[in-house]
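These values consider heavy atoms only, across backbone and side chains, with no hydrogens, waters or symmetry-generated copies. Just so you know, ligand 1 is whichever comes first in the structure, and atom 1 is the first atom listed for that ligand.
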Amino acid sequence: MSEHSFRNFEIGDFDAVTALWQAAGLFLGSSDTKPGLLKKLERDPDLFFVMTDSAGQIIGCVMGTYDGRRGWINHLAVSPDRQGEGLGRLMIKELEARFRKTGCQKVNLLIEPTNAAVQTFYQRLDYSEDKLIFMEKWL
Ligand SMILES: CC(C)(COP(=O)(O)OP(=O)(O)OC[C@H]1O[C@@H](n2cnc3c(N)ncnc32)[C@H](O)[C@@H]1OP(=O)(O)O)[C@@H](O)C(=O)NCCC(=O)NCCS
């Protein structure tokens with residue numbers, strides 16, 4: 001595996017990161033604008049980070065959030081040309097370590113029904129399925 005490192009997301013990464021999320025097939029919502037991500041950086045900036053390769057290119061990104069009780073994983077993506085090398089696993093391990101530092105004891109995530117295959121990835125990392133009904137409301 002090639003060299004990689006982690007650093008916190010900076011707003012200057014906006015174009016590269018949104019391009020990566022789109023290339024990885026993630027659904028981007030109305031909060032994934034520059035002002036939306038600046039707002040996100042007001043909380044848990046250490047949990048929103050990128051993975052870079054030895055040339056400094058962004059090859060992965062994840063947005064973690066700690067709500068004071070649970071940790072949440074959002075928008076995990078590895079560049080399509082670098083998937084299957086164990087980088088996603090490393091990103092989750094790094095995020096879990098950062099969650100632990102905050103005192104977080106449980107991590108949650110949601111999967112789009114159209115992306116159900118990614119469940120196997122999380123199962124490999126000891127995540128289990130909980131049958132819940134997800135409800136939401138825009139304010
Ligand atoms: C999901 C994603 C981050 C995984 O990253 P990755 O670097 O390809 O995954 P890894 O190489 O670290 O894989 C870790 C393990 O999961 C398995 N795995 C990874 N993706 C898988 C998939 N789609 N289906 C089945 N198994 C998968 C690997 O085989 C590996 O298994 P191992 O424990 O036997 O080694 C990456 O595929 C991605 O960016 N997908 C598109 C975006 C996405 O769906 N994000 C998640 C939103 S909830």
Among all protein heavy atoms, pick out the one at the shortest distance from [atom]; state its residue, atom name and that distance to 0.1 Å.
{"atom": "atom 9 (O) of ligand 1", "result": "Phe121 CE1, 3.6 Å"}
{"atom": "atom 39 (O) of ligand 1", "result": "Val78 N, 2.8 Å"}
{"atom": "atom 7 (O) of ligand 1", "result": "Gly88 N, 2.8 Å"}
{"atom": "atom 40 (N) of ligand 1", "result": "Gln83 NE2, 3.6 Å"}

Part of [X] within contact of ligand 1 (heavy atoms, under 4.0 Å):
{"X": "Asn115", "value": "side chain"}
{"X": "Val118", "value": "side chain"}
{"X": "Glu85", "value": "backbone"}
{"X": "Trp21", "value": "neither"}
{"X": "Arg124", "value": "side chain"}

Using a strict cut-off of 4.0 Å, indicate which atoms of ligand 1 neighbour a heavy atom of [X].
{"X": "Arg89", "value": "12 (O), 15 (C), 32 (P), 33 (O), 35 (O)"}
{"X": "Leu76", "value": "3 (C), 42 (C), 43 (C), 45 (N), 46 (C)"}
{"X": "Ala117", "value": "24 (N)"}
{"X": "Leu26", "value": "42 (C), 43 (C), 45 (N), 47 (C)"}

Q) On the ring face of Phe49, is Arg7 found with NZ or CZ under 6.0 Å from the centre and within 45° of the axis? A)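 Not satisfied by the 6.0 Å and 45° rule.
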Any idea which heavy atoms bring [X] and [Y] closest together, and the distance?
{"X": "Asp44", "Y": "Tyr66", "value": "OD2-N, 2.8 Å"}
{"X": "Ile58", "Y": "Val17", "value": "CD1-CG2, 4.1 Å"}
{"X": "Asp53", "Y": "Arg82", "value": "CB-NH1, 4.2 Å"}

Consider every N or O of [X] and every N or O of ligand 1, then say whether any pair is closer than 3.5 Å.
{"X": "Ala24", "value": "no"}
{"X": "Arg82", "value": "no"}
{"X": "Leu110", "value": "no"}
{"X": "Leu109", "value": "no"}
{"X": "Thr120", "value": "no"}
{"X": "Gly86", "value": "yes"}
{"X": "Gly84", "value": "yes"}

Distance below 4.0 Å between [atom] and any protein heavy atom?
{"atom": "atom 19 (C) of ligand 1", "result": "yes"}
{"atom": "atom 42 (C) of ligand 1", "result": "yes"}
{"atom": "atom 29 (O) of ligand 1", "result": "no"}

Q) Out of Pro35, Ser30, Ser31, which one pairs with Thr33 under the side chain to side chain contact (heavy atoms under 4.5 Å, CB included) rule? A)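 Per the side chain to side chain contact (heavy atoms under 4.5 Å, CB included) rule, the option paired with Thr33 is Pro35, out of Pro35, Ser30, Ser31.
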Tell me, do [X] and [Y] make a side-chain contact under 4.5 Å, heavy atoms counted?
{"X": "Leu90", "Y": "Met51", "value": "yes"}
{"X": "Asp46", "Y": "Lys101", "value": "no"}
{"X": "Thr52", "Y": "Gln57", "value": "no"}
{"X": "Glu96", "Y": "Asp126", "value": "no"}
{"X": "Leu41", "Y": "Glu10", "value": "no"}

Q. To the nearest 0.5 Å, how far apart are CD1 in Ile73 and OH in Tyr127?
A.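 Those atoms lie 3.5 Å apart.
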Q: Would you please determine whether Gly25 falls within less than 4.0 Å of ligand 1 on a heavy-atom basis?
A: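 So Gly25 does not count as touching ligand 1.
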Q: Could you tell me how the ring of Phe48 sits relative to the ring of Phe9: parallel (under 30°), tilted (30 to 60°) or perpendicular (over 60°)?
A: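 Geometry flag for Phe9 against Phe48: parallel rings.
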Q. Linking I/L/V/M/F/W/Y whenever their side-chain heavy atoms sit closer than 4.5 Å, directly or via other members, would Trp72 and Leu47 fall into one cluster?
A.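 No; Leu47 is not reachable from Trp72 via cluster members.
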Q: Using the rule that two of Ile, Leu, Val, Met, Phe, Trp, Tyr join whenever any of their side-chain heavy atoms come within less than 4.5 Å, decide whether Val118 and Val107 are in one cluster.
A: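 Yes, because Val118 and Val107 connect within a single hydrophobic cluster, where side-chain heavy atoms sit under 4.5 Å apart.
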